[in-house]
Amino acid sequence: MTKFFADIPKIQFEGPDGTNEFAFKHYNPDEIVMGKRMEDHLRFGIAYWHSFAWPGGDPFGGQTFDRPWFGDTMDLARLKADVAFEMFDILGAPYFCFHDADVRPEGATFAESTDNLNAIVDYFAQKMDAGGPKLLWGTANLFSHRRFMSGAATNPDPDVFAYSAATIKTCLDATMKLGGENYVLWGGREGYETLLNTNMGRERQQAGAMLQMVVDYKHKIGFKGAILIEPKPQEPTKHQYDYDVATVYGFLKDFGLEGEVQMNIEQGHAILAGHSFEHELAVARELGIFGSIDMNRNDYQSGWDTDQFPNNIPEAALAYYEVLRAGGFTTGGTNFDAKLRRQSLDPEDLILAHVGGMDVCAAGLKAAAAMVEDGALEEARNTRYAKWDDSQNAEMLKSDLSSIEARVRRDNINPDPRSGRQERLENLVNRYL
Ligand code: XLS
Ligand code: NI
Ligand code: NI
C-alpha cells in the first residue's frame, strides 16, 4: 500500500438520499437495467494520463500537482502504477486505459523505451492477475515528444513515419499481452498548421497506409479487440484530419477500411467540432461504426479541449440513449478522458471527481433506459415517418424523376405540412430525468 489515498475508503453505493461524499448515489454496479448489470452497461475505464501523468500545467504556468511519483525512473513508474491500481480499486473501476508515454520513462533509444514499456506491462499484468481491473484500451502517444511536432503517420519525414509505425507495433503488442479489448488511434498531430508547407494529398496517403498496416498487424497477431479511431477537430494542429465521425467515415471508405475500424467518440471533441455528443454517437450508429466513448465535458465558451469531468445528467441521458439505440457497448466502454482543474490539488479531489462522473453517467443511463423502455419517443419518431411505409412511397426511392413527376400530376400531390413537435418531445424527455 502507498500512502497517497491513505484515508479514503472504498466507494460503495449508498443511494440518492445519502450525504456521504465518498459514496455513489446512482452507480450501483449490480443493479439491473434493461436486463443487464449497470457495471456491464457502463464499462467504466480510468484514463492513466490525466489522473497520474498530467502535472497541472496551462499555457501560462507549469506544474501545480506535486505527486510523489513524478520523475523519469522505473522505480517512480512502478510507484505510479501502485497508486493508480489503488485508485482503480477504491473506485471499483472495471477498466483502465493508457498510452505508452503515461506509464514508462522515455529511454535514450527506441529499444530502451520499448524495454521500459515491456517491464511496466509485466508489472501491470501481475496487478491485473491479482484481481485488478481489465484493460479497455491501449494506445501510443505520438504527439507529445518533439519528434512528432509535424505529425506521426503524416509527417514529411519518413523516419518519423517509421518511428511511429514501430511504436504502434509495440503498443499493440502490449495491449494484446494485457488482454486489452480495443486499440485506439487518436490523430494527435495528424493535421497541419499552414498549407504553405503542406502536401495534403501525400499526408492522406501516408495516413491510409499506416491504418492499413495497423489492421494487417492486428490480424497477423490475432488481436481480437477493435481498432478505434478517435475523431477530433482543431487541436493540437489548426486543421486536424480526423475532424469528426462523418469525416473519418469518408477516409475509411476511401481506403476500404470501414468494416475494420470503429469510432471512439469524445464529448469534448464533438463540441469542438460544432456538434453535440449525441449527434456524433448517432452518426456512428447509423453508419455502423460505433465503438466506444471518451466521457468528459467541454467548456462551451473556451474553444479548446478542457477535458472536465461530466456533471450534466440531461446531456449524459441523451448520450446513453444513443448508446442503447446502438445496442450498447460490445468491446467499448465509458473511458473518463477527464482531468482535474489545476487548482484541485488533493488526492480526495481525484477520487471525488471520478465518483461524481460515475454517478452522472449512471443517472444518465437510467434515464436513457426509461426512455427506451417507455418507447414514447421512438413511437413519436416513427409516426413522423409513417407515410414512408406506404408501398407507393417506399418504391419511389427506386424510381426516377420523370415517373415521380407523372405521379405528382396524376395524384395531384400537394404536401400538407405537419408539426415537428419539438417542444412536446423536449417536455417528454424531461419526464424521465
Ligand atoms: C486528446 C485525446 C486523447 C485520446 C487518446 O484530446 O482525447 O486523450 O483519447 O490519445
Ligand atoms: Ni480522448
Ligand atoms: Ni480529448
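Hydrogens, waters and symmetry mates play no part in the numbers below; they use all other heavy atoms, side chains included. Both ligands and their constituent atoms are indexed starting at 1 by order of listing. The first residue of the sequence shown is numbered 1, and numbering continues consecutively from there.
- For the Ni ion (ligand 2), the count of nearby protein N, O or S atoms, meaning those under 2.8 Å away, is 4.
- Protein heavy atom closest to atom 2 (C) of ligand 1, with residue, atom name and distance, is Glu230 OE2, 3.2 Å.
- An N or O contact shorter than 3.5 Å is missing between Trp186 and ligand 1 by distance.
- Within the structure, ligand 1 lacks Val184 among the residues with a heavy atom less than 4.0 angstrom away.
- Near Asp294, with a cut-off below 4.0 Å to any heavy atom, the atoms of ligand 1 are 9 (O).
- Checked against the Ni ion (ligand 3), the N, O or S atom of Asp305 at the shortest distance is OD2.
- The N/O atoms of Asp307, backbone and side chain alike, include none that comes under 3.5 Å of an N/O atom in ligand 1.
- A salt bridge (charged side-chain N to carboxylate O under 4.0 Å, His left out) with Asp122 is found for one member of Arg104, Lys177, Arg78, Lys127 and no other, namely Lys177.
- By the 4.0 Å N-to-carboxylate-O rule, Arg43 lies close enough to Glu181 to be salt-bridged with it.
- Residues Tyr243 and Pro231 fail the side-chain proximity criterion, which asks for heavy atoms closer than 4.5 Å.
- Under the 30°/60° scheme for interplanar angles, the aromatic rings of His279 and His275 are found to lie parallel.
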Please output the side-chain donor-acceptor pairs of residues 245-259 that fall under 3.5 Å, not counting sequence neighbours, one pair per line with the distance.
residue	atom	partner	partner atom	Å
Thr247	OG1	Asp244	OD1	2.5
Asp254	OD2	Arg204	NE	3.1
Asp254	OD2	Arg204	NH2	3.1

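- The pair Glu106-Arg146 does not count as a salt bridge, with every side-chain nitrogen at least 4.0 angstrom from each carboxylate oxygen.
- When only interatomic distances are considered, the shortest N/O to N/O separation between Thr139 and ligand 1 does not fall below 3.5 Å.
- Tyr192 and Tyr241 have tilted rings, their planes meeting at an angle from 30° to 60° on a 0 to 90° scale.
- Residue Trp49 has at least one heavy-atom neighbour below 4.0 Å for each of these atoms of ligand 1: 8 (O).
- Considering only heavy atoms from C-beta on, Met149 stays 4.5 Å or farther from Phe143 through its side chain.
- For His99, a nitrogen or oxygen atom sits less than 3.5 Å from a nitrogen or oxygen atom of ligand 1, counting backbone and side chain alike.
- For ligand 1, the atoms closer than 4.0 angstrom to any heavy atom of Asp305 are 6 (O).
- Summarising the local packing, CG of Asp7 is surrounded by 12 or fewer heavy atoms from other residues, nucleotides or ligands at distances under 6.0 Å.
- In this structure the side chain of Pro94 reaches within 4.5 angstrom of the side chain of Glu39, judged on heavy atoms.
- With respect to atom 8 (O) of ligand 1, the closest heavy atom belonging to the protein is Asp337 OD2, 3.0 Å.
- Note: Phe148 and Tyr163 have perpendicular aromatic rings, judged against thresholds of 30 and 60 degrees for the angle between ring planes.
- Of all the atoms in ligand 1, the ones that sit under 4.0 Å from a non-hydrogen atom of Lys232 are 1 (C), 6 (O).
- At under 3.5 Å, not a single nitrogen or oxygen of His50, backbone or side chain, sits near a nitrogen or oxygen of ligand 1.
- Looking at Glu235 against ligand 1, nothing comes within 4.0 Å, counting heavy atoms.
- Ring orientation note: the planes of Phe44 and Tyr27 are nearly perpendicular, at an angle over 60° on the 30°/60° scale.
- A heavy-atom separation below 4.0 Å is found between His269 and ligand 1.
- Classification of the Phe124-Phe96 ring pair by plane angle, with boundaries at 30° and 60°, yields perpendicular.
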